[in-house]
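Here's the structure we're looking at; comments come further down.
Lettering follows sequence order; numbering is per chain, from 1.
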Amino acid sequence: AQSVSQHNHHVILSEAASLELGCNYSYGGTVNLFWYVQYPGQHLQLLLKYFSGDPLVKGIKGFEAEFIKSKFSFNLRKPSVQWSDTAEYFCAVNARGGATNKLIFGTGTLLAVQP
Amino acid sequence: NAGVTQTPKFRILKIGQSMTLQCTQDMNHNYMYWYRQDPGMGLKLIYYSVGAGITDKGEVPNGYNVSRSTTEDFPLRLELAAPSQTSVYFCASSSSGTSTDTQYFGPGTRLTVL
């Protein structure tokens, strides 16, 4: 069965610090990978996604993620965080080519950026 | 476009009561989904629909029912509310079931069952 692990449950950073949030998945086949973000009081929105090709994908608001197949990882990075990046971040995976788009989510990482 | 809208935003139920969580999307998406998010847990799929008149169970369907009479609406019904159903409920939609397709989420409904 597919599963997604996000080991950092809470992360506190100061503005301008660099960010890396871990995401590891477990699945025997080929997957698509997603990072969603939920800002306080708002709905989940897509940050970025990876299907194939260049394993380094860039998303909105300066975020990027790198797919490392050998490590089953898809870590999210940002070189310099801002206070407005305070949010909860979810990694998700689904089976590529699946009959339906069923996402499996990680438990989320709550990021607090201090001004 | 409003995207995906959900009502109500908050609700408190007593054990045994019933209610319907509403979800509407104006993007003409065929696929719609219901998830629940428990504290410290990821989102779990409850039910999904591939089009009007077609629904199927997700990972955690027990205690819930759904219907899809129109493309726009996908209500989630709780018949006999239990404390274990205290959660935040998210509705989502996507234009197709293709695994690469983006799901668009609503703002959520926070439900407490006492």
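Put simply, of B/D101, B/D56, B/L45, B/V4, the one with the most heavy-atom pairs under 4.5 Å next to chain A is B/D101. Chain B forms the most heavy-atom pairs under 4.5 Å with one residue out of A/F90, A/Y36, A/F34, and that residue is A/Y36.
Residue A/W35 is grouped with residue A/I60 when hydrophobic side chains (ILVMFWY) are merged at heavy-atom distances under 4.5 angstrom, including chains of intermediate members. Hydrophobic clustering places A/Y25 together with A/L21 (ILVMFWY residues linked when any side-chain heavy atoms are closer than 4.5 Å, directly or through intermediates). Hydrophobic clustering (side-chain heavy atoms under 4.5 Å, transitive across Ile, Leu, Val, Met, Phe, Trp, Tyr) groups B/Y64 together with B/M32. Hydrophobic clustering, with ILVMFWY side chains joined whenever heavy atoms are under 4.5 angstrom apart, keeps A/I104 apart from B/Y48. Cluster annotation: A/L111 and A/Y39 are assigned to the same hydrophobic cluster (Ile/Leu/Val/Met/Phe/Trp/Tyr, side-chain heavy-atom contacts under 4.5 Å, transitive).
For a residue to count as touching a neighbouring chain, one of its non-hydrogen atoms must lie under 4.5 Å from one of that chain's; by this rule A/Q45 does not touch chain B. Both the backbone and the side chain of B/L43 come within contact range of chain A, judged by heavy atoms closer than 4.5 Å. Only the side chain of A/L46 comes within contact range of chain B, with heavy atoms under 4.5 Å apart. For A/L110, no part sits under 4.5 Å from any heavy atom of chain B, backbone or side chain. With a threshold of 4.5 angstrom between heavy atoms, B/Q103 approaches chain A through its backbone and through its side chain.
Within a 6.0 Å radius of CD1 in A/I12, no more than 12 heavy atoms belonging to other residues, nucleotides or ligands are found. Within a 6.0 Å radius of OH in B/Y104, no more than 12 heavy atoms belonging to other residues, nucleotides or ligands are found. Atom CD1 of A/I68 is surrounded by more than 12 heavy atoms from other residues, nucleotides or ligands within 6.0 Å.
Contacts from residues 4-11 of chain A to chain B, taken as heavy-atom pairs separated by less than 4.5 Å, involve no residues at all.
Between the NZ atom of A/K102 and the OH atom of B/Y33 there is a distance of 10.0 Å, given to the nearest 0.5 Å.
Judged purely by atom type and a 3.5 angstrom limit, A/K49 uses its side chain to pair as donor or acceptor with the backbone of B/T100.
Residue B/S99 comes nearest to A/A95 through the heavy atom pair CB-O, 3.3 Å, listed as atom of the first residue, atom of the second, then distance. The two residues A/L103 and B/Y35 have their closest heavy-atom pair at CB-OH, 3.8 Å.
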